[in-house]
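Atoms considered below: every heavy atom in the structure, side chains included; atoms not considered: hydrogens, waters and symmetry mates.
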Amino acid sequence: MDFQGPDVADLDNVYSLNRAYLDGLSRPPAVASGAPSGAAGIVEKLTALSVRKSTLLSQCPFLIYSLPEAADRRWTRLFSDDAQPDLFDATRLSPECVGGLAPATLGFLWELAKRNPYATRLVSGASLDWCERLADSSPVRVFRFAMGEPGLLSPRLPSHREFWSKLLGAGTSNDEEIRHAAQLTALQTVLTNPAAEHYQRLPAAACLMPTPARRVAESDKGGPES
C-alpha cells in the first residue's frame, strides 16, 4: 500500500487555512470563541504575533488549529447512519461559520481524505479511522454539519507548552532550516500525542512531505526577527 504524504497543492491549502485562522483570531466574531478556556493563553500569543511571524507560522505543514476529532459523541451526528437527515440549523450558526473557516476546513479534509486518508491524518492529527469515516460521508452532510456545529475550531494542543514554545520560537525563525526543523518536530508531537492513534508508517510519509516553499524575501534572512 502507498503511504504518500500530502503534495504541494495540499500543503498550499494548509497554509491558506492556517493564514485564515490566524487572521480570524483578531476579527469579531473570533474563530476561537468556542475554544476551551485553557486555550486563551495560546490565542493571546497568536494574536500578538507580528505580521512576519504570523506568516511564517502559517506555513507549518499541518493545521495549527484542530477540530475535536476525538470527541466521538459529537461526530455521531455526522457519521451515524441513524443521524437526522437535517443537520443544519440556521438559527445557531457557530462563529467559525461566519467567515466560512469551519466549512472550508472540514471540506478540505473531506476532499483530501477521499484521495489519501494518510495525508489527511498527517495534516490534521486525526485518527485514521476518523479520516476514513469522514471520507465516507456525503459532501452535503459534511457542509451542513460544519455550518451548524458550534465550537469546532481551537488551537491545537493548547495545554502542551513545549509544542507551542517550539512553534512560536524556532518555528517562526528567520532561518529556514531552523524553522523547518522546528515545524517538523511539532508535527511529530501532533502525530505521537497520547490522544491520537499510532501508525508506524506515518513518520515515513511525513519525510516525503515537500519542503515548505520560501515565502519571505531572501534579503530578510539572517536579519533581526520582528
### Message
With heavy-atom distances below 4.5 Å as the criterion, would you say the side chains of Leu168 and Leu49 are in contact?
### Response
yes

### Message
Could you tell me if the side chain of Ile42 sits less than 4.5 Å from the side chain of Leu157, heavy atoms only?
### Response
no

### Query
Within the side chain of Thr120, is there an N or O that forms a donor-acceptor pair under 3.5 Å with the backbone of Ala113?
yes

#### Entry: Glu111 bridged to Arg115 by N-O distance under 4.0 Å
yes

### Query
Sequence neighbours excluded, which residues qualify as side chain to side chain contact (heavy atoms under 4.5 Å, CB included) partners of Glu132?
Pro117, Leu128

### Query
Any chance the side chains of Thr105 and Tyr65 put a donor and an acceptor closer than 3.5 Å?
yes

### Worked verdict on Leu134 versus Leu106 for side chain to side chain contact (heavy atoms under 4.5 Å, CB included)
CA-CA 9 Å; Leu134 179 65; Leu106 201 56; 4.1 Å; yes

### Residues Arg141, Leu78; criterion side chain to side chain contact (heavy atoms under 4.5 Å, CB included); working and verdict
CA-CA 7 Å; Arg141 287 175 63 86; Leu78 175 61; 3.9 Å; yes

### Message
Between Val142 and Leu109, is there a side-chain heavy-atom distance shorter than 4.5 Å?
### Response
no

### Backbone of Ser173 reached by a side-chain donor or acceptor of Arg179 within 3.5 Å
yes

### Query
Counting only N and O atoms by type, is there a donor-acceptor contact under 3.5 Å from the side chain of Arg121 to the main-chain atoms of Trp130?
no

### Query
Can you name the side chain to side chain contact (heavy atoms under 4.5 Å, CB included) partners of Ser165, sequence neighbours left out?
none

### Task
With rounding to the nearest 0.5 Å, note down the distance linking CG in Asn18 to CG in Asp23.
11.0 Å

#### Entry: Closest contact, heavy atoms only, Ala146 versus Leu152
CA-CD1, 3.9 Å

### Taking every non-hydrogen atom, the tightest pair across Arg19 and Val51
NH1-O, 4.2 Å

### Message
For Val43, run the side-chain contact (heavy atoms from CB on, under 4.5 Å) check against Ser154, Pro158, Pro155 and tell me which one passes.
### Response
Pro155

### Query
Does Arg156 use its side chain to pair, donor to acceptor, with the backbone of Ser124 at less than 3.5 Å?
yes

### Query
Can you name the nearest heavy-atom pair linking Cys131 to Ala126, along with the distance?
SG-CB, 4.1 Å

### Task
Determine whether Asp129 and Arg133 make a side-chain contact, defined as any pair of heavy atoms from C-beta on separated by less than 4.5 Å.
yes

### Message
For a quick test of reading the model, state the closest non-hydrogen atom pair linking Gln183 to Gly171 and the distance between them.
### Response
NE2-O, 3.0 Å

### Message
Going by side chain to side chain contact (heavy atoms under 4.5 Å, CB included), name the residues that satisfy it together with Lys114, two or more places apart in sequence or in a different chain.
### Response
Trp110, Ala135

### Task
Calculate, to the nearest 0.5 Å, the distance between atoms SG and CG belonging to Cys60 and Leu187 respectively.
9.0 Å

### Task
Considering non-hydrogen atoms only, spot the tightest contact between Leu122 and Phe62 and give its length.
O-CB, 3.9 Å

### Message
Angle between ring planes, His160 versus Phe163, binned at 30° and 60°: parallel, tilted or perpendicular?
### Response
perpendicular

### Message
Using a 3.5 Å distance criterion without hydrogens, assess whether the side chain of Ser16 forms a donor-acceptor pair with backbone atoms of Asp12.
### Response
no

### Query
Is any side-chain heavy atom of Leu17 less than 4.5 Å from a side-chain heavy atom of Leu101?
yes

### Shortest non-hydrogen contact between Pro61 and Val14, atoms and distance
C-CG1, 4.2 Å

### Message
Distance check, rounded to the nearest 0.5 Å: Gln59 atom CD versus Glu176 atom CD?
### Response
9.0 Å

